[in-house]
Amino acid sequence: MANKLKKKPPTRTKRSTGSPKIDHDGYRLFVEDIADGFFKTNLRGDFIFFNDSFCNRFFGYSRKEMKSRNYRNFMDKKNADIAFQSFNQLYKRGQGIANCIWSVKDRSGDIHILEVTVELTYDENKVISGFRGIAQDVTEKHLALQKAVEAEKKAQEKYKQSQLTAKLLESLLQFLPDPVLAFNLDNTVEYINPAFEKVFGWTIREIKQKEIDFIPEYLKEQARKGIKQLNQDKSIHNFKTKRMTKDGRVLDIIVDGAIFYDEKNKPAGQVLTLRDFTRQNRISRTNQILFKISESLQQYQRLDDLLTSINKEIKKLMAIKGAFVLLLDDNKEEFFFFSALLEGTESEKKFKKIRFAADQGVSGQVYKTGKPLIVHDVSKCSFFLRRVDEETDLDAKNILTVPIHLKDNIIGVLAVVNKVSGPFDDNDIELLSAIASTIALPIENARINEKLRKSYDDLQSINKAKDRVIHHLSHELKTPVSVLAASFKLLSKELQKLGIKTDTIDRIIERGKRNLKRMIEIQYEVEDLLKKKNYQAYHMLSKMLETLKDELEVLFESELEQKNLIPVIRSKIDKLFGHKELESVPIRLDHFLEKKLGSLSTLFGHRQCNIETKINQPITVNLPREILHYVTEGIIRNAIENTPDLGTIKIKIRQTKKNAELTITDFGVGITREKKRLLFENYFNAPDTLLYSTKNPYDFNAGGKGFDLLRFKIFSERYHFKIEIKSKRCHFIPTDEDICPGNIDQCSHCLDISDCHKSGGTTIRLIFPIMQA
């Protein structure tokens, strides 16, 4: 090898390791039997010293066959050049090189991949004489320890032959990358190498001849079984467990070990290698959970089922007590628990009821900063939202929360609480952030699908509403047409009494009867078409109204001499059904409501309802005045008509950052479960048609017009405001067949007014975009 070196460096002095002295006979066997291979070469690269693991296990040759052979004999040209570069670099720099990768062939031609750490050797004159190193066969890890018992005696004999071997072991242990720990029989520490100090944090001075308490409490029984196995089998291999560091972190550890002996060949203690595979294990488990998540995307159709499955995997992977997904409601600027996994379904239901402002709690801090946050002790956290603990079974001790990013937006947070062992750390942040990134897009896709589903439901609701409108129109037409038909009969009789009978009069009356009959036939045709569900509601309604306009004109023109009634009727029809462009204007909502309630008070003055208002907050909205008038009057009328006398209606407005909200709450009868399934837009349900002609507006249970329900929806979509409703049916009258007496004093179930207020009611909320100043 020397003839290839381009430059010979100056003579180097051997540096003292300053390491603790190690008993020569006690560790000789460890050199020969450990899974790592130890070797020494001259400057040409000829092997002049090696242990059995190096020659037999890695290459399959005997000592005699291996002696003085060059490393190039066991490599192809490419790998031999790589090894040469490593030796050459070491020779020039004089510093040890770790983790070199060699690819070698054994006697059978099989390839072994070795991880090699090398340093320089010196002769008695302190001149560089060659190289020495340690190699690990990473193709099959830790196999050498399986023959630890047989190798111990051989190692003891070889250890006595040369003091150089002990010095070599002492030197090699200094740069061995894995922690090494030697125990005496009384479990006190005899030796640790520098790698142990680096990984676990203790120095030899701190724990020499002392017991080291680094086994987690919940793993002490496992440790006792491991020691028993080591004493029985004389060795232990690939024993997976956990150990604590000096600063309280818990590491995933693989233990390999053997019993070492004194000069009298009696057990003197245990020597262990403690390989830290925390990061590798975390990466592996992270990959597993991400793979399971990708599989779950196809398995679960509902997002809440998917997130529940993901939370279960997080709980197992991170050893935590609870996992939660909180999403942001942009309209209300609130967080809500979309998925919660703690203990049992009842706990999850409690979380689903909780909402809080987007700037509150730990989630609020993460939302504002956009960065993960660890709270090691929530009792010392000023912004922890304690009502969550109070309203659920959480009892949080520590918490880790990471944002769920979608492009540049934060759509929610992913939180875990109460880690079982040790505090949350950067590894936990890394893992949870990876999971949050994975679920962000499925959450957004689910939201889009939910909007599509809701749009489809809206369309179905509109179709149902149109059905009800046409049914109502059909019913409304039937009554006046029947009255007109009866009036024609009476007219004929009166004319006969008066002796007035001419062919012209008969033709006029007959023509009127014929067309009235035609209108009745149209009404029945519409009903038949609705039953078959084979119709176009809009065109049918438009055609019917157009026909009615012409027929009514003929009717009134034939019977009445007041020609000016025709424009009045046409104007009324156009006002109700004709197309009209409305202009949005700024409206002070508080002033508008005060005037509206003042004008309506005369219409419901005969009712004994208490109207409570909180509308003194100045809010400006941009809307056509006619639309605001129609919608607010309709909802106020709906509240009064559904509230028994002596009941209460509350009306209030408030402003958020983005919206103005008008809330009208009645403590009336509410809506039954059966009618909720037929709710238009999940907000309204038309009362039975027969009520329309029997009661006056604002009477209790008077009902309304079917047109209102459809028009509310059309107006909200056209003029960009929202309508929401929450309703609870009075539990004293749970079905539609049950009847409220219409006065709280007359209700046999209520001892006082508060009993009625607690039993049911409806809240309707109008959400308008506010007009910025």
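- Side chain of S727 to backbone of I671: a donor-acceptor contact under 3.5 angstrom is found.
- Side-chain contact between I664 and T763: absent, with no pair of heavy atoms (C-beta onward) separated by less than 4.5 Å.
- In this structure, the separation between CD1 on I770 and CD on Q655 is 4.0 Å, given to the nearest 0.5 Å.
- Using a 4.5 Å cut-off on side-chain heavy atoms (C-beta onward), I354 and F336 make no contact.
- Under a 3.5 Å cut-off, the side chain of D738 and the backbone N or O of C730 do not form any donor-acceptor pair.
- Closest non-hydrogen pair, D755 versus F732, comes out as O-CE1, 4.2 Å.
- The aromatic rings of F337 and F324 sit perpendicular to each other, their planes meeting at more than 60°, with 30° as the lower class boundary.
- Although no hydrogens or angles enter the test, the distance criterion places no donor-acceptor pair under 3.5 Å between the side chain of N610 and the main chain of G647.
- Taken from NE2 in H757 to CG in L646, the straight-line distance is 9.0 Å, to the nearest 0.5 Å.
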Derivation and outcome, side-chain contact (heavy atoms from CB on, under 4.5 Å), residues L593 and I653: CA-CA 9 Å; L593 284 172; I653 61 173; 3.5 Å; yes

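- Between G668 and P644 the shortest heavy-atom distance is CA-CD, 4.0 Å.
- For N638 (side chain) and G634 (main-chain N/O), no donor-acceptor pair under 3.5 Å exists by modelled atom type.
- T369 places a side-chain N or O within donor-acceptor distance of the main-chain N or O of K371, the cut-off being under 3.5 Å.
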From CA spacing to verdict: side-chain contact (heavy atoms from CB on, under 4.5 Å), F356, L326: CA-CA 11 Å; F356 55 89; L326 293 90; 3.6 Å; yes

Steps toward side-chain contact (heavy atoms from CB on, under 4.5 Å) verdict (F592, L628): CA-CA 9 Å; F592 177 88; L628 186 59; 3.5 Å; yes

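- Ring planes of Y698 and F604: tilted class, angle from 30 to 60°.
- Between D389 and R387 there is no salt bridge, since no side-chain nitrogen of the basic residue lies less than 4.0 Å from a carboxylate oxygen of the acidic one.
- Atom-to-atom distance recorded for D590:CG and T620:OG1 is 7.5 Å, nearest 0.5 angstrom.
- Of the candidates K652, R654, K722, E661 forms a side-chain hydrogen bond (donor to acceptor under 3.5 Å, both in side chains) with just one, namely R654.
- A distance of 10.0 Å separates CG of D752 from CG of D745, quoted to the nearest 0.5 Å.
- Counting heavy atoms of neighbouring residues, nucleotides and ligands inside a 6.0 Å radius, atom NZ of K726 does not exceed 12 of them.
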Test side-chain contact (heavy atoms from CB on, under 4.5 Å) applied to L432 and L400, step by step: CA-CA 9 Å; L432 206 61; L400 164 61; 3.9 Å; yes

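- Note on E633 versus K596: salt bridge recorded, some NZ/NE/NH1/NH2 to OD/OE distance being below 4.0 Å.
- A heavy-atom distance below 4.5 Å is found between the side chains of Y367 and L328.
- Using a 4.5 Å cut-off on side-chain heavy atoms (C-beta onward), V362 and F383 make contact.
- Inter-residue side-chain proximity for L597 and I651 is flagged as met; some heavy-atom pair is nearer than 4.5 Å.
- Atom CD1 of I739 is surrounded by 12 or fewer heavy atoms from other residues, nucleotides or ligands within 6.0 Å.
- Residue I320 comes nearest to K315 through the heavy atom pair O-CG, 3.1 Å, listed as atom of the first residue, atom of the second, then distance.
- Nearest heavy atom pair, residue R637 against residue P697, reads CD-CB, 4.2 Å.
- Contact of the I399 side chain with the V416 side chain is not registered, since no non-hydrogen atoms from C-beta on lie closer than 4.5 Å.
- In this structure, the separation between OG on S754 and CD1 on I744 is 9.0 Å, given to the nearest 0.5 Å.
- In this structure the side chain of V402 never reaches within 4.5 angstrom of the side chain of V413, judged on heavy atoms.
- With salt bridges taken as basic N to acidic carboxylate O contacts below 4.0 Å, one links R355 and D329.
- Side-chain contact between L394 and F351 is present, with heavy atoms from C-beta onward closer than 4.5 Å.
- Each of D645, D666, D699 was checked for a salt bridge (charged side-chain N to carboxylate O under 4.0 Å, His left out) with R607, and the lone residue meeting it is D645.
- Between D359 and K368, none of the side-chain N atoms (NZ, or NE/NH1/NH2) sits under 4.0 Å from a carboxylate O, so this pair counts as no salt bridge.
- Applying side-chain contact (heavy atoms from CB on, under 4.5 Å) to L600 and the options T632, I640, I636, I611 leaves one that passes, I636.
- Separating the NZ atom in K332 from the CG atom in N659 is a distance of 11.0 Å, to the nearest 0.5 Å.
- Side-chain N/O atoms of S584 and N622 include no donor and acceptor closer than 3.5 Å.
- Closest non-hydrogen pair, T735 versus R729, comes out as O-NH2, 2.9 Å.
- Minimum interatomic distance between C740 and I733 (heavy atoms only, all atoms of both residues): CB-CD1, 3.7 Å.
- Here R386 does not pair with E390 in a salt bridge; the nearest charged N to carboxylate O distance is not below 4.0 Å.
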